[in-house]
Structures are given as C-alpha cells and as structure tokens.
There are 2 protein chains.
Amino acid sequence: MSTTPQATPRRATITDVAREAGTGKTSISRYLNGEMSVLSPELRARIEAAIARLDYQPNQMARGLKRGRNRLIGMLLADLTNPYTVEVLQGVEAACHALGLMPLICHAANEVEMERRYLQLLTTYRVEGVIVNALGVREETLRPVGSGGIPVVLVDRMVDGLVTDMVGLDNRAAAELGARHLLDNGFDDIWFVVQPFEQVSSRQLREAAFREVMSGQGGKGHEGGTGGKREGGRAGSNRDGSEGGVRGHTLVLNLGDQAAVERALAELDHAIDASGNPTRTAGRIALFAANAPVALCLALHLKARYGADWQARVALLSIDDPEWAELTGVTAIRQPTYEIGYRAVEFLHERIEGVQTTARDCLLPGELIVRASTLR
Amino acid sequence: MSTTPQATPRRATITDVAREAGTGKTSISRYLNGEMSVLSPELRARIEAAIARLDYQPNQMARGLKRGRNRLIGMLLADLTNPYTVEVLQGVEAACHALGLMPLICHAANEVEMERRYLQLLTTYRVEGVIVNALGVREETLRPVGSGGIPVVLVDRMVDGLVTDMVGLDNRAAAELGARHLLDNGFDDIWFVVQPFEQVSSRQLREAAFREVMSGQGGKGHEGGTGGKREGGRAGSNRDGSEGGVRGHTLVLNLGDQAAVERALAELDHAIDASGNPTRTAGRIALFAANAPVALCLALHLKARYGADWQARVALLSIDDPEWAELTGVTAIRQPTYEIGYRAVEFLHERIEGVQTTARDCLLPGELIVRASTLR
DNA sequence: CTGTTAGCGCATTCAT
DNA sequence: ATGAATGCGCTAACAG
C-alpha cells in the first residue's frame, strides 16, 4: 500500500471543515452552494484550503434530507436480458450525467412482484422521479409512485389508466415499414411473430399495424394519441389478411413458456415445410419478428432445423437490431434506443423541475436496415 | 385518472404516524425496526393501522443519516456495451436483492475521467461499499474509495497497488483450455487476438497463459495469488511459440481506434490468405478471441471479407459466450458471469459487515462449449 | 412497555 | 459579510 492506513477515517463533516477553517458552518454551506459573491476572498480561500486538507465531501444524504431533493431518480427495467434495455440504459446514463442526476437501477427480471417491490423501495429512497419500462400494465402497480405525486415517465410501453409522459418507438410506422418492405420484395406469406401482447402496448401496436398493412388498409398514419387497446389473438391463433393474395399471420411466441414455444415453432415449421420449393421467392416465407428476443429464438430454431443455410428457406426481419443481425445478414428495424433513454430523462427532469403541461408522447422513428435476408 | 389528485401529497413522516396513532415517535421507530417484543399488541395494532392509513414509508435517507448506513452500494462499470458486463450485473442485482442492498449503477463508458468522477460521486452518497469493474489501473483512481476506508471488491480485473477482494474468471485455466482445444483439434497456426492488455490484468493473464501453452510449457497450474504483472507486446507485435511446429501469435486489436483495428485486421488477412488451401485443416488458421467484443469484431470483418462461408477458412474460438455464438456455431468459453456478480456482492457484504480477513481472490472456472467452428 | 431528549450533516432563516 | 440557532426524518440512549 502506498498510503498510511488510518484508524477510523471517519469522513469529515461540515463541522470539521468549519473548525479547520476557523469559521462557522454557515459559510461553509454557502461556499458549497456556490454563493461566492457573499464571501470575502480571504474567507473563501481559507475554506478552500480546509476542504482540501480534510478531503471533505458534502454528504448528499444530509443535503437531501434538508432541502427535500436528493437528485436521485429510479430506473425500473423489465428485462436486462433484452439488448434494447441495455441500449436505452446507456442513453439514460448519459442524460443523467449531463443533468446532474443519479439513477438507481432496478431490474425486475420479468417478475411483476419484483417490479412492485422495487417501486416501493425507490419511493423509500425518496427518488425525485422514476423512469419505468413497465412489466405490469395495471396502474395499480405504479400506485406507489404515480399517485404519490412523484413524476413518472414511461419507456417503450404505456400503462392503462396512467397518463404520463412516455417515449418510445413509433410502433405503427415501424411495423408498417417492415411489412411494406417484405411486400415490396415479393414475399406473399408473412408471419408476424410476437410475444404475448395483451399486456404490452408496444407489441399490440406493432401487431395491429402489421395486420392492417396485410389487409390492404395500411394507412401511413402515425399512432393515435393514447392508442386504443385492442383485443389480441390467443397463442397460436392467426388471422389471414389479404392484399392481392398475400397472406399475413400472427404467431404468438411466449418465450417464458418452453412448451408453448415448441408448439408455436412446430406450427411454423409446418407452414415452412408446406411452403414448397425454396427457390421460388413467391414461395419463400418471411418472418417478421416483433423484437430481438423473438428474432433470436426464431433464428436459433431455424438454424437447428434447417442448418446453417436456413436463410435460404426463410427470410427474417426483426424490429430491434441486435449485434448479431449484421453478422447473420438479417434485416432489421433499428430503434433509436439511446435517444429514447436520453429523452426519457429529459422529460423526467422537466417534470421534476415543475413543468406542468399535459402528458406528452414522444414517438421516435425506427430505421430500416436492409440486409441479405430479405432480398432475393 | 382513477384517483383523486391531491393537493400537496407530502409524504407522511414518522411524526405524522405518531400523532395518528396517538403515541410517541420512538414506538413507531421500534415498530419499523421489528422490535415487536417490546410493544404491546394493542399499541402495535394502532401503529399498524396508522401506517396503513397514512401510507407511510420510512425515509431511507433520514435513517441512513442517523445510523450511518444506508444500504447503498456502488457498482462501477467500465463498459455496458460488453455483454459480460450486463451478465455480471444480473448476478449483482440478484445478490443485492437477497442481501437487502441497493446498487447504484454507474457507467464509465470507457472513459477514465468518468470513472474518477463517479467514484467521487458515490462516496458523496456515502455508499457502504463499491464493486468495481475497473478501467484505470492506477490505485490512485480508486483513492476516493480505497483509502477512504470504504470496502471495495474488484471484478474481472485487479488494480496494481490495491489489495482487495476480487472475483473473476480463472483466466489462466480458461486460456489454457482454449489453446489446448485448438491444438487437440489439429490447428497449428493460432492467433490470440486481444485488446491492449498492458492495463488490464485479465487480458494479460489470458495472453500469457496462451503463450505458455503455445511454447510447450503450459502447466496446468492456476493463477498465482496476486498475479505478477508482465510486459505486454505492443500493438501488432506477435511472438512465435513452438510446440511441435505449431505457431502461436498474439495480435492486439485496439477497438477504440478504427485505424489501428484496420491495420491489425490487414495483418490477419495477410496471414489467412497465405495459409493456403482451405480444405487442409492443418492449413486452416484458428483465431482465439480474448473476449466477446474482439470476437464480434473479427467475425464481422471475416464475414465481410470472405462471405457468409467465412468459417470454412478460419476457425474462431472466443472467451465469453455471446448470444450469437450458438447461432453462428462459434466455439466459446463461457464465463460464470452471473456467479461472478453474485459472489462479488457477497464479498462486499461481508466486508461491510466488518469481516477483516486478508484480501481474497475468487477465481471461477470457464466452461468450454465446443461448436462447429473448431471442429474439422 | 413507553415517551423524552439529543443529535446524524446540512441549509436556512434571522440576527449581527 | 458572517455566524448562531432551528429543524429535515429518524434512531438511540436514557428515563419513567
């Protein structure tokens, strides 16, 4: 060790500094809060020295207790396993850093109960606001924060009955973009594969938009304001659309249930096997994954079943652009994840500072990245 | 909205509860701290009711201020972009949850200056301990915490001059495992590709172990206790080993420097092009990536250069098992990331609770996952 | 068993 | 321009 170990290196307090500088605590406090104009240069110098000598660092907890704000915000994540989450997190981190906020990260790991507990814990730390990538849909879950008067901004999905700022992908436009791309490239049998979506607004919107395009009525419109809920199909169910003979299906893939996944994949296999000659583009099925986890699950399965050359048999397009998409040549719609995180913090910051406008929705556009997978 | 918006929903304090329950603050405090045996059932019931009625939640900040501990720990991450980091984070989250700790996540984003700032910020929040996946190697950087008497546990890499608990992969064993696997499968021209390693102990150890195996002296030993530092080769440099005519090279890939990456890759291309007939296994070059980011960089480049069938020309083995490894059939050595994170928190918790034993190293074994890439 | 008192480290009146 | 006093919400002696 290069430093002499000290006995009980109790951190210096404002009182210590005051004594060391031969002055009162008030002046130290003033110095800390940048009220320089009210301090004689002489005193100021002494304080500076004392602080340095004692390696003093003001206790944020105490400050927070006193002034009622501690610069802490909560960030509740549904699933760290999803690359999307991590990317958003980076934007959040950056924004926090820029705005002088400190994020408390909580990982609900897909368990609603955890989500509830963490929310409660966060209020206990008196965070000034919370960014939530919600798992549960019930406003009830958000009660601890929502009604507690502490600002909330939602990311990616909304929660019924809760009106707050939210920022995320323009799901409608993204799904349309993807569906159109597939249609334009001659695919006439398209499967939209998505996790159970009754509970998640973003999935709902994507599925609905896909279905609309497939049924030929796909307008170019943006998402509606608070986005009406829509009854989703049950697992394994699928509806057929029609745009000049093209077929569109929705396949639900419940990643949390191994058995269900296998059932759904079997259904898919059946369709693929029946899709006839792989060289006929018109006969090549296209899969439209609603997000990266789904896309990965599909890719892994297809590779296992059809070998390394699986893409010759099936085309894959994914919302989300995971790092392996480029590597495997899978077409993707990249979400502006970093910006989503950044904006979320900005919104929250404004609320914390007292902005009172009505709830805002910030819908950011996705970017289509065409790769070999969806080209003939 | 389903709830009636309240004016200034100022959170209830212990005083409010005391008044509501018609008792003193002390009893409330006792109740909060589970000292039930000292409370008459009657009073206890009244308190319970009052708390429920007021939706009271004790202020952690205030508690922390008083008792000197706030259950907060810091988690400093070098790079969230690395899947390794995220996986470790999950273990950390889980352990914290189990031990009643709250992690403050900080992302240094590969900037040493950020690392320093965050460390300082963390002490400001009076975290009880810190888990560090260090960027900088200087003990100096860790000064704010290391010498401040607050416990630190290192993850993945150590910091010279700083003796503390550390947990990570058994790098020596892992590198040996990988090198041996390649040797056993008949590869005789192996390139160990690694980011600049002068600064990072884990990379150093991996490279050194690789080199030893290639030079035929690779013992089966574990890493030495505090692991002696070793002078690393400069960018682009490579040494040749010899074990019955096999050649081992070390290639440095500085991912942070685009130009340097291109130079290094060019060198690699040259070697591959010169490696002769792709069908002769003995002539097929094997790449041993020191971690996932390197592996991804290599894979992307090779695919761009040699097409989708690049693996016919080059074998790839990676330490770290990113999600795309299975998909592309790349052999990997999986780190017990979750456990690393979990153990780190356990160590830290023990230190926080006052354990005084000398610094411990926890070296966890990697698991070789053989895939098509490294088989003939 | 229960309440009173005295701070934890700091920011803020209010005097000086 | 500076300092003394008060209290944020809570815990920990110390009495009753």
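The basis for the numbers below is simple: all heavy atoms, side chains too, and nothing from hydrogens, waters or symmetry mates. In the text below, chain A, chain B and the rest are named by the order of the sequence lines, each starting its count at 1.
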Can you tell me if the side-chain N/O atoms of [X] get under 4.0 Å from OP1 or OP2 in [N]?
{"X": "N59(B)", "N": "dC8(D)", "result": "no"}
{"X": "S40(A)", "N": "dT2(D)", "result": "yes"}
{"X": "T23(B)", "N": "dT2(C)", "result": "no"}
{"X": "S27(A)", "N": "dG3(D)", "result": "yes"}
{"X": "R63(A)", "N": "dC10(C)", "result": "no"}

Next item on the list: With the side chain counted from C-beta on, respond yes when L122(A) and L104(A) share a heavy-atom pair under 4.5 Å apart, and no when they do not.
Entry: yes

Terminal axes of the helix from dC1(C)-dG16(D) to dT16(C)-dA1(D) (5 end pairs apiece), angle rounded to 10 degrees, sit apart by 40°

Base, sugar-phosphate, or nothing for [X], non-hydrogen atoms under 4.0 angstrom?
{"X": "S29(A)", "value": "base"}
{"X": "Y56(A)", "value": "sugar-phosphate"}
{"X": "L43(A)", "value": "sugar-phosphate"}

Side chain of [X] (C-beta onward), nearest among [options]:
{"X": "V38(B)", "options": "dT2(D), dC1(C), dT11(D)", "result": "dC1(C)"}
{"X": "A62(B)", "options": "dA11(C), dC10(D), dG3(C)", "result": "dC10(D)"}
{"X": "L65(A)", "options": "dT11(D), dG9(D), dC10(C)", "result": "dG9(D)"}
{"X": "T26(A)", "options": "dT11(D), dA5(D), dG9(C)", "result": "dA5(D)"}

- NZ/NE/NH1/NH2 to OD/OE distance under 4.0 Å, R360(B) and E350(B): yes

Charged N to carboxylate O under 4.0 angstrom, R351(A) versus E346(A)? no

Original post:
Side-chain donor-acceptor pair under 3.5 Å between Y31(B) and E48(B), yes or no?
Top reply: yes

Fill in: T85(A)-D79(A) side chain donor-acceptor pair, cut-off 3.5 Å
no

Here the distance between atom C1' of dC10(D) and atom CE of M61(A), to the nearest Å, is 14 Å

Rounded to whole Å, the CZ-C1' distance (R71(A) to dC10(C)) equals 17 Å

Shorter than 3.5 Å, N or O on both sides, protein versus nucleotides 14-16 of chain C: list them out with atom names.
none

Verify whether the ring centers belonging to H107(A) and Y118(A) lie closer than 6.0 Å.
-> no

| query | Is there a donor on the side chain of K66(B) or the base of dG9(D) sitting less than 3.5 Å from an acceptor on the other? | reply | no

CG of L154(B) to CZ of R157(B), rounded to nearest 0.5 Å, is 9.5 Å

